[in-house]
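This report refers to the structure that appears directly beneath it.
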Protein chains: 2
Amino acid sequence: MPAYHHGNLRATLLAAAERSLRRDGADRLSLRDLAREAGVSHAAPRRHFPDRQALLDALAESGFARLDQELRAALAAAGEEFGPRLHATAVAYLRFATEDSALLELMFTRKHREGADRLVAAAAEPLGLMPGLIAQGQAQGVLEPGDPQRVGIVLFATLQGIATLVNGGLMAPELLDGIVEIAVDQFIRGSRRR
Amino acid sequence: MPAYHHGNLRATLLAAAERSLRRDGADRLSLRDLAREAGVSHAAPRRHFPDRQALLDALAESGFARLDQELRAALAAAGEEFGPRLHATAVAYLRFATEDSALLELMFTRKHREGADRLVAAAAEPLGLMPGLIAQGQAQGVLEPGDPQRVGIVLFATLQGIATLVNGGLMAPELLDGIVEIAVDQFIRGSRRR
DNA sequence: CATCTTTGTTGTCAGTGCCTACTTTGTTTT
DNA sequence: AAAACAAAGTAGGCACTGACAACAAAGATG
C-alpha cells in the first residue's frame with residue numbers, strides 16, 4: 001500500500017459505502033466518514049465521484065448487476081418447467097429485495113433528477129428477464145398469448161410491491177413465503193391459456 | 001396575525017413542507033428553509049416538531065389520511081358490482097401514488113427506525129380497505145373463498161409496485177391505464193370462483 | 001395582579017458537501 | 001534521462017444544516 005496513492009480508493013470507498021448503506025441507510029451515508037474509514041483526506045473521494053449522488057448511483061448500479069446475477073443463477077438452478085422457474089425467480093427476487101432495503105430503495109427511486117441513463121440501462125438488464133420468462137411460458141402453452149412485456153411488468157410490479165410492504169414494516173417477513181406462493185399461483189391462473 | 005405568536009405555525013409549516021416535498025423531495029427539505037418561508041426564526045419549528053423526522057412523519061401520516069379519503073370517495077362513486085369497484089379503487093390508488101412520488105416514498109419506507117406506531121396505525125386505515133373489497137367480491141360469488149387479508153396484500157402490492165415503477169422512471173406513465181387494466185383483469189381471473 | 005406555560009428568539013456547535021489551490025506521484029514525451 | 005503532463009492525493013474555506021441551550025415575550029390561569 002503506497003502512502004500517497006492509495007491504489008484502489010474507488011473500490012475501497014464503494015465497499016465501505018455498501019456497508020454503511022446497509023447499516024444506516026442512504027441518508028446517513030457521509031462522504032467524509034467514508035474517507036476517514038479509508039484513511040484518506042476528506043476531499044479524496046471527489047477524485048473518484050464528482051458528488052455524493054454519483055457514489056449512490058454507482059451503488060445502485062452494482063446492485064442491479066448483482067440482482068441480475070442472482071436471478072440468472074436461480075433460473076439456471078430451476079428446471080425446464082415454467083411453474084417452478086417462475087417460482088424460483090420470484091423467491092430469488094424477494095430474497096434480494098428484502099435483504100437490503102436501503103439498497104432496493106436506492107435502485108428504484110430516482111430522486112428528482114434527470115438523465116440517469118446509465119442506471120436505467122443497468123436496470124433494464126434484470127428487468128428484461130421477466131418478459132423472457134413469460135415468453136417461455138407462452139411457448140410452453142401454459143400462458144395465453146399476449147405482449148410479454150406488459151404482462152411481465154405486472155408480474156414484476158407485484159414482487160416489487162411485496163418487497164416494499166415488507167421493507168416498510170407493513171407486512172411481517174414471516175408471511176413472505178406464503179404470499180409469494182399466492183402471488184405466483186394467482187399470476188399463473190390469471191393468465192393461463194383458457 | 002400576532003407579531004410574536006404566529007398562531008398556527010404548525011399548520012403553516014406542514015403546508016410549506018408539503019409543497020417543498022412535492023417539488024424537491026424529502027432530501028432537500030430543510031427546516032430552516034421552512035422557517036424562513038413562514039417568517040419565523042430558525043429554531044421555531046422545534047416547538048412543534050422535536051426533530052426533522054417528526055415533521056416528515058407528520059407529512060406521511062396526513063398522506064395516509066388523504067389516501068384513505070380518496071379511496072373511499074372512489075368506492076362511493078363506483079356502483080355495487082365488484083369488477084367496477086375494484087377497477088375504480090385501483091385507478092384512484094395509482095392516481096394518488098403517481099401524483100406525488102416523494103410523498104409515497106415517505107409513506108412506505110420507514111428509514112431505519114423503530115416504533116413508528118402512529119404511522120403504522122395511519123397506514124392500516126386505507127390498507128384495510130382492500131380486504132374489505134375482496135370479501136365483498138367473495139360474497140358476491142365473483143371470487144373464490146379464502147383469506148381476504150392475504151389475497152388483499154397481493155393485490156395491493158401489485159398496485160404499489162406499478163406506482164414504484166412509474167415513479168422510478170422505469171415505466172412510461174402513458175402505459176399506466178393499460179397496465180392497470182391488465183392487472184385488474186388478471187387478478188379477477190386469477191382468483192375468481194372456479 | 002402574580003405566576004406559569006407556551007411559543008417564540010438569539011447564539012452556538014459539530015457536522016456536511018462542495019469548491020479552490022497546492023503537492024505528490026506516476027506516466028509520457030522529447 | 002530530463003522535462004512536461006496527467007492523475008490522485010492534501011489542506012483550508014465556505015455556506016449550509018439540524019440540534020441544543022439560554023433567554024424573552026405573550027397568553028392563560030390562579
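The chains referred to below are lettered A, B, ... by the order of the sequence lines, with proteins before strands, and numbering in each begins at 1. Just so it is clear, the model here is predicted, and its values are computed rather than measured.
Computed from coordinates, the A/N8 CG to D/dA8 P distance equals 12 Å when rounded to whole Å. Between the CZ atom of B/R46 and the C1' atom of D/dC23 there is a distance of 15 Å, given to the nearest Å. In this structure, B/D51 places its CG atom 9 Å from C1' of D/dG18, rounding to the nearest Å. Atom pair B/L55:CG and D/dA19:P shows a separation of 10 Å (rounding to whole Å applied). Protein atom CG of B/D27 is 14 Å distant from nucleotide atom P of D/dT17, rounded to whole Å. At whole-Å resolution of the value, CG in A/L29 and C1' in C/dG17 are 12 Å apart. In this structure, B/L56 places its CG atom 12 Å from C1' of D/dG18, rounding to the nearest Å. Between the CG atom of B/D24 and the P atom of D/dT17 there is a distance of 12 Å, rounded to whole Å.
Applying the side-chain hydrogen bond (donor to acceptor under 3.5 Å, both in side chains) test to residues at least two apart or on different chains, none of the pairs has a partner in residues 38-47 of chain A.
In the displayed structure, A/R95 atom CZ is contacted under 6.0 Å by at most 12 heavy atoms of other residues, nucleotides or ligands.
Checked against D/dG9, C/dC19, C/dT10, the side chain of A/L9 finds its nearest nucleotide in D/dG9. Of the candidates D/dT10, C/dT7, D/dC20, C/dT7 carries the atom nearest the B/R47 side chain, counting heavy atoms from C-beta on.
Residue B/R52 is classed as a sugar-phosphate contact, given heavy-atom separations below 4.0 Å to backbone atoms only.
Atom-to-atom distance recorded for B/F108:CZ and B/L119:CG is 10.5 Å, nearest 0.5 angstrom.
With sequence neighbours excluded, the residues that form a salt bridge (charged side-chain N to carboxylate O under 4.0 Å, His left out) with B/R19 are B/E37. For the salt bridge (charged side-chain N to carboxylate O under 4.0 Å, His left out) test, residues two or more places apart in sequence or in another chain that qualify with B/R189 are A/E144. Judged as a salt bridge (charged side-chain N to carboxylate O under 4.0 Å, His left out), and not counting sequence neighbours, B/R193 has no contacts. Residues passing the side-chain contact (heavy atoms from CB on, under 4.5 Å) test with A/A122 are A/E61, A/F64, sequence neighbours excluded.
Position along DNA chain C of the nearest nucleotide to B/H42 versus B/R10 favours B/R10 as the more 5'-ward residue.
Considering only side-chain N and O atoms, B/H48 lies under 4.0 angstrom from the phosphate OP1 or OP2 of C/dG8.
Residues from residues 30-41 of chain B lying near DNA chain C, meaning a heavy-atom separation below 4.0 Å, are B/R32, B/V40, B/S41 in numerical order.
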